[in-house]
Participant: 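One structure is given below, represented as structure tokens, and several questions about it will come after.
Numbering of ligands and ligand atoms starts at 1, following listing order.
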Amino acid sequence: MTQIFAHRGYSAAFPENTMSAFIEAQKAGADGIELDVQLTKDGEVVVIHDEKVDRTTSGSGFVKEFTYKEIRTLNANKKGGKNEPIPSIIEVFEWMKSNDLICNIELKNGVFLYEGMEEKCIQLIHQYGLSNRIIFSSFNHYSIVHCYQLDPVIETAPLYSEGLYMPWVYAKAICSKGIHPDYRTLLVDEMIINSINSGIAVRPYTVNKEADMKRLFQLNCSAFITDDPPVALKIKKQIEKRP
Ligand code: G3P
Ligand code: CA
């Protein structure tokens with residue numbers, strides 16, 4: 001059955017990439033979370049989407065120019081209300097001890113390469129025994145191949161936003177077990193069906209429209225990434241009820 005991954009956590013209702021958004025995604029019944037990581041000046045892996053802190057936090061400047069201690073003083077709940085620090089990946093892994101969610105780590109190293117970020121993530125994944133619950137994705141495909149070379153057990157999946165022809169062939173060429181396409185590139189059902197039949201999981205992003213969710217459930221797509229897990233759960237239940 002199609003899994004539901006919460007995009008930046010339950011970001012439709014909670015501040016993106018915060019512990020609240022992850023905890024609420026789990027409470028809502030998501031199968032997994034998707035989050036974005038960058039590296040601080042002193043080499044800590046932190047969970048934030050942009051290279052700069054400006055859009056989502058009370059601060060300004062590049063993530064890579066803050067130490068971990070400094071970045072923790074910012075509030076990632078910019079809209080107001082409860083203070084929400086930028087999580088470290090360690091905090092997420094600690095929380096994952098209390099559940100069985102899958103964590104899709106998107107390595108945000110397309111602008112800055114953040115040398116050593118893959119190694120740091122993998123060292124922590126090993127420390128927490130999470131190799132089978134992590135999927136690395138990135139628009140930087142060199143980075144996910146590097147992850148595969150460091151540890152072939154941890155799954156990787158390329159992110160892409162163009163209509164690739166036979167993407168499952170490409171996925172296999174870079175030793176990935178899945179693909180994470182922009183939903184809008186999935187023009188024909190065969191792209192999903194053939195990929196899954198070739199052993200390559202398909203987890204499109206970012207699927208928020210009910211009709212799109214319905215299509216993916218009906219095709220038994222591997223998973224999809226959504227801002228709104230409760231809506232996805234509602235559609236899933238409706239489909240399951242049908243004879
Ligand atoms: O992982 C899929 C999706 O999150 C990629 O786009 O910009 O939301 O990180 P973005
Ligand atoms: Ca992302």
Side-chain angles (χ1 to χ4, degrees), residues 2-22 24-25 30-39 45-57 62-64 76 78 86-89 92 101-114 117-118 121 133-145 147 154-164 167 170-171 174 176-186 191-192 195 200-209 212-213 216 221-229 231-232:
T2 307
Q3 293 182 312
I4 297 162
F5 283 17
H7 181 237
R8 311 181 195 175
Y10 180 179
S11 58
F14 297 88
E16 67 176 61
N17 283 320
T18 60
M19 287 312 300
S20 289
F22 304 141
E24 295 299 332
D31 301 290
I33 54 165
E34 185 268 359
L35 54 80
D36 307 286
V37 294
Q38 319 244 0
L39 212 56
V45 180
V46 285
V47 182
I48 181 167
H49 182 274
D50 301 356
E51 287 71 27
K52 291 183 101 171
V53 299
D54 302 49
R55 181 181 61 85
T56 54
T57 80
F62 288 104
V63 172
K64 69 185 180 73
K78 206 174 178 177
I86 294 173
S88 68
I89 199 68
V92 176
L101 260 60
I102 296 164
C103 179
N104 171 203
I105 299 177
E106 182 184 347
L107 299 157
K108 282 285 184 202
N109 48 8
V111 176
F112 304 117
L113 295 179
Y114 293 128
M117 185 161 70
E118 297 94 338
C121 287
R133 290 171 60 196
I134 302 288
I135 302 164
F136 277 123
S137 65
S138 185
F139 287 100
N140 177 349
H141 298 181
Y142 284 87
S143 175
I144 55 168
V145 171
C147 289
I154 305 169
E155 274 197 42
T156 62
L159 280 160
Y160 62 90
S161 55
E162 304 298 332
L164 294 186
Y170 176 65
I174 62 167
S176 288
K177 291 200 172 73
I179 49 174
H180 290 191
D182 184 325
Y183 176 76
R184 292 167 295 184
T185 68
L186 297 171
M191 293 170 95
I192 298 170
S195 187
I200 298 297
V202 184
R203 304 183 195 94
Y205 72 92
T206 305
V207 185
N208 290 329
K209 291 189 187 134
D212 298 337
M213 292 178 181
L216 294 171
C221 191
S222 317
F224 62 80
I225 301 168
T226 179
D227 295 336
D228 205 333
V231 170

Participant: If the cut-off is 4.0 Å to any non-hydrogen atom of E106, which atoms of ligand 1 fall inside it?
Facilitator: 1 (O), 3 (C), 4 (O), 5 (C), 9 (O)

Participant: What's the atom name of the N, O or S in D36 nearest to the Ca ion (ligand 2)?
Facilitator: OD1

Participant: Quick check on contacts: which atoms of ligand 1 are under 4.0 angstrom from a heavy atom of D36?
Facilitator: 9 (O)

Participant: Go through ligand 1 atom by atom and flag the ones less than 4.0 Å from a non-hydrogen atom of H49.
Facilitator: 7 (O), 8 (O), 9 (O), 10 (P)

Participant: For D227 and H7, which I'm curious about, is there any donor-acceptor pair between the side chains at under 3.5 Å?
Facilitator: yes

Participant: Do D212 and Y183 get their side chains close enough for a donor-acceptor pair, meaning under 3.5 Å?
Facilitator: yes

Participant: Hydrogens and angles aside, do S143 and S138 bring a side-chain donor and acceptor to less than 3.5 Å of each other?
Facilitator: no

Participant: May I ask you to check whether Y205 and E34 show a side-chain donor-acceptor distance below 3.5 Å?
Facilitator: no

Participant: So, N208 and D228: side-chain donor and acceptor under 3.5 Å apart, yes or no?
Facilitator: no

Participant: Distance under 4.0 Å to a non-hydrogen atom of K108: what atoms of ligand 1 satisfy this?
Facilitator: 7 (O), 9 (O), 10 (P)

Participant: Nearest to the Ca ion (ligand 2), which N, O or S atom of E34 do we find?
Facilitator: OE2

Participant: Determine the interplanar angle of the Y170 and H141 rings, folded into 0 to 90°, and report it as parallel if under 30°, tilted if 30 to 60°, perpendicular if over 60°.
Facilitator: tilted

Participant: Do T226 side-chain atoms and V207 backbone N/O form a donor-acceptor pair below 3.5 Å?
Facilitator: yes

Participant: Could you tell me which N, O or S atom of E106 is nearest to the Ca ion (ligand 2)?
Facilitator: OE1

Participant: Could you tell me which atoms of ligand 1, counted from 1 in the order shown, lie closer than 4.0 angstrom to a heavy atom of R8?
Facilitator: 7 (O), 8 (O), 10 (P)

Participant: With the threshold set at under 4.0 angstrom, would you say H180 reaches ligand 1 through any of its heavy atoms?
Facilitator: no

Participant: Below 3.5 angstrom, do we get any N/O pair linking H7 and ligand 1?
Facilitator: yes

Participant: Might you confirm whether atom CZ of R184 has over 12 heavy atoms from other residues, nucleotides or ligands at distances under 6.0 Å?
Facilitator: no

Participant: Identify, for atom 1 (O) of ligand 1, the protein heavy atom at the shortest distance, and state residue, atom and that distance.
Facilitator: E34 OE2, 2.8 Å

